[in-house]
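Let me begin by presenting the structure, written as structure tokens, before commenting on it.
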Amino acid sequence: MLPSAADLLHWYDRHRRILPWRALPGQSADPYRVWLSEIMLQQTTVTAVIPYYERFLAAFPDVGALARAPQDRVMALWAGLGYYARARNLHACAQVVAARGGRFPDTVEGLLELPGIGAYTAAAIAAIAFGRPVVPVDGNVERVTTRLFALTDPLPGARKAIARQAMGLNGDAPARARPSDFAQALFDLGAGICTPRTPACVLCPWRDACAAHRQGIAATLPRRAAKAARPVRYGIHFCMMDGAGGLLLVRRPEKGLLGGMMGLPGPAWRDSPWTAPDALAHAPTAPRLCPQWHAVGQVRHVFTHFTLLVDVYAARVKTFPNSLVGAQGMVHRVGDGAVALPSLMRKCVALAQSAHVFD
DNA sequence: GAAGCGTGGGG
DNA sequence: TCCCCAAGCTT
């Protein structure tokens, strides 16, 4: 028995989530909002995205406003959401779209040419915003599909085969009549019913069509290849505050980890721990500046492919010498939210403040 | 194809 | 505490 789109859409009409970027029933979606939400939702949970989405939409009501904004402002609003290349690509994409009159391409092929838009996002925008009959294959759809057809080959190797099966899910007339709802129904099914750990098969509109459910293996799919162990790396960062509550920050390189974001000064992270004298040799210095450094503790931060342990040193000075600011970074006030400071660096600052070195 | 790229919440 | 992983893209 093949899954019926009508069954899924009927379920969706009763149980669809209300989300800030989602059009109400019968209304058409704004391509800008759909695009913005899709970029933010890449590898990121709905609950994490919502406040960022609201702030972005308030700051940049349309693609032209986003295109005209300084990159620093975009990065500052993105700070904390992670995968910062998304924010750089978002800004670049807005400028391309603004240059073509503010209208997004309405085909998968056209969307694919834009920065930050890959196979999934192109299909999602095409289906949700432009009603193209395509199935965006994200993690939800992969999970639903592997279970529906009991596909047991492990990810990521099986990804292409899974996508082929998924793209056939909209083959019947009800699905092709409502491409936008069909795509979002698959998301809601994956997010609310066909969940990773303990799927609520008893509530699933596709239960009778699901091969994995019949075989009692739904919760074990999709299978994944074993992951490599996460190594540990070691960093040192210096938190220096002046009498007016200014913090010395440096601009990180455009590419690479935390690219385009601000950070506390410190030597490059390495594979072996640091000793205190070793670390202090890298402290920011300037003529006639003799800061009293205090070791305030360690921050543990987990990135995708390694764990970072940061020893944080804090010092208070009267004022930052111009040479230091000019050579190594900028100053901003603590509490100023409009700075592109990623979560790792915010943790370091919070630790330094908790040590009362700045009181 | 594989590696690089963040973060926070839940089991 | 640890492990999993979430509407993936780029190189």
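Just so we're on the same page: letters track the sequence lines, and every chain starts at 1. Please read all numbers here as calculations on a predicted model, not as lab measurements.
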Could you please name the option among [options] that lies closest to any side-chain atom of [X]?
| X | options | value |
| --- | --- | --- |
| A/Asn89 | B/dG6, B/dT7, C/dT10 | C/dT10 |
| A/Val46 | C/dA7, B/dT7, C/dA6 | C/dA7 |
| A/Asn140 | C/dA7, C/dG8, B/dT7 | C/dA7 |
| A/Ser343 | B/dG6, C/dA7, B/dG8 | B/dG8 |
| A/His305 | B/dG11, B/dG4, C/dA7 | B/dG4 |
| A/Gln42 | C/dG8, C/dT11, B/dT7 | C/dG8 |

If I take atom [atom1] in residue [X] and atom [atom2] in nucleotide [N], what distance separates them, rounded to the nearest angstrom?
| X | N | atom1 | atom2 | answer |
| --- | --- | --- | --- | --- |
| A/Tyr84 | C/dT10 | OH | C1' | 18 Å |
| A/Met75 | B/dT7 | CE | P | 11 Å |
| A/Gln43 | C/dA7 | CD | C1' | 9 Å |
| A/Ile117 | C/dG8 | CD1 | P | 14 Å |
| A/Phe303 | C/dC3 | CZ | P | 18 Å |
| A/Met40 | B/dC5 | CE | P | 22 Å |
| A/Phe306 | B/dG6 | CZ | P | 9 Å |
| A/Tyr52 | B/dT7 | OH | P | 9 Å |

For the base of C/dG8, is there a side-chain donor-acceptor partner from A/Thr121 under 3.5 Å away?
->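 It does not, because no donor-acceptor pair links the side chain of A/Thr121 to the base of C/dG8 below 3.5 Å.
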Establish, yes or no, whether a centroid distance under 6.0 Å links the rings of A/Phe56 and A/Tyr53.
-> no
Is any side-chain nitrogen or oxygen of A/Arg22 closer than 4.0 Å to OP1 or OP2 of C/dA7?
->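 Negative; the distance criterion is not met.
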Would you tell me if any nitrogen or oxygen in the side chain of A/Arg143 comes within less than 4.0 Å of OP1 or OP2 on C/dA6?
->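 Checking C/dA6 against A/Arg143, a side-chain N or O does come within under 4.0 Å of OP1 or OP2.
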Want to settle it: does A/Leu81 or A/Lys160 sit nearer the 5' end of DNA chain B, counting the closest nucleotide to each?
-> A/Lys160
If you find the nucleotide of DNA chain B closest to A/Pro156 and the one closest to A/Val302, which residue's nucleotide is nearer the 5' end?
-> A/Pro156
For atom [atom1], what is the distance between [N] and [M], given to the nearest Å?
| N | M | atom1 | answer |
| --- | --- | --- | --- |
| B/dG6 | C/dT11 | P | 14 Å |
| C/dA7 | B/dC5 | P | 23 Å |
| B/dG1 | C/dG8 | C1' | 16 Å |

Measure from NZ or CZ of A/Arg103 to the centre of the six-membered ring of A/Trp35, then state whether that distance is under 6.0 Å and the direction lies within 45° of the axis.
-> no
For A/Tyr234, is the NZ or CZ atom of A/Arg270 found under 6.0 angstrom from the centre of its six-membered ring and inside 45 degrees of the ring axis?
->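 No.
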Can you tell me if CZ on A/Arg55 sees more than 12 non-hydrogen neighbours from other groups inside 6.0 Å?
-> yes
Parallel, tilted or perpendicular: which describes the rings of A/Trp206 and A/Phe182, with under 30° parallel and over 60° perpendicular?
->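 Geometry flag for A/Phe182 against A/Trp206: tilted rings.
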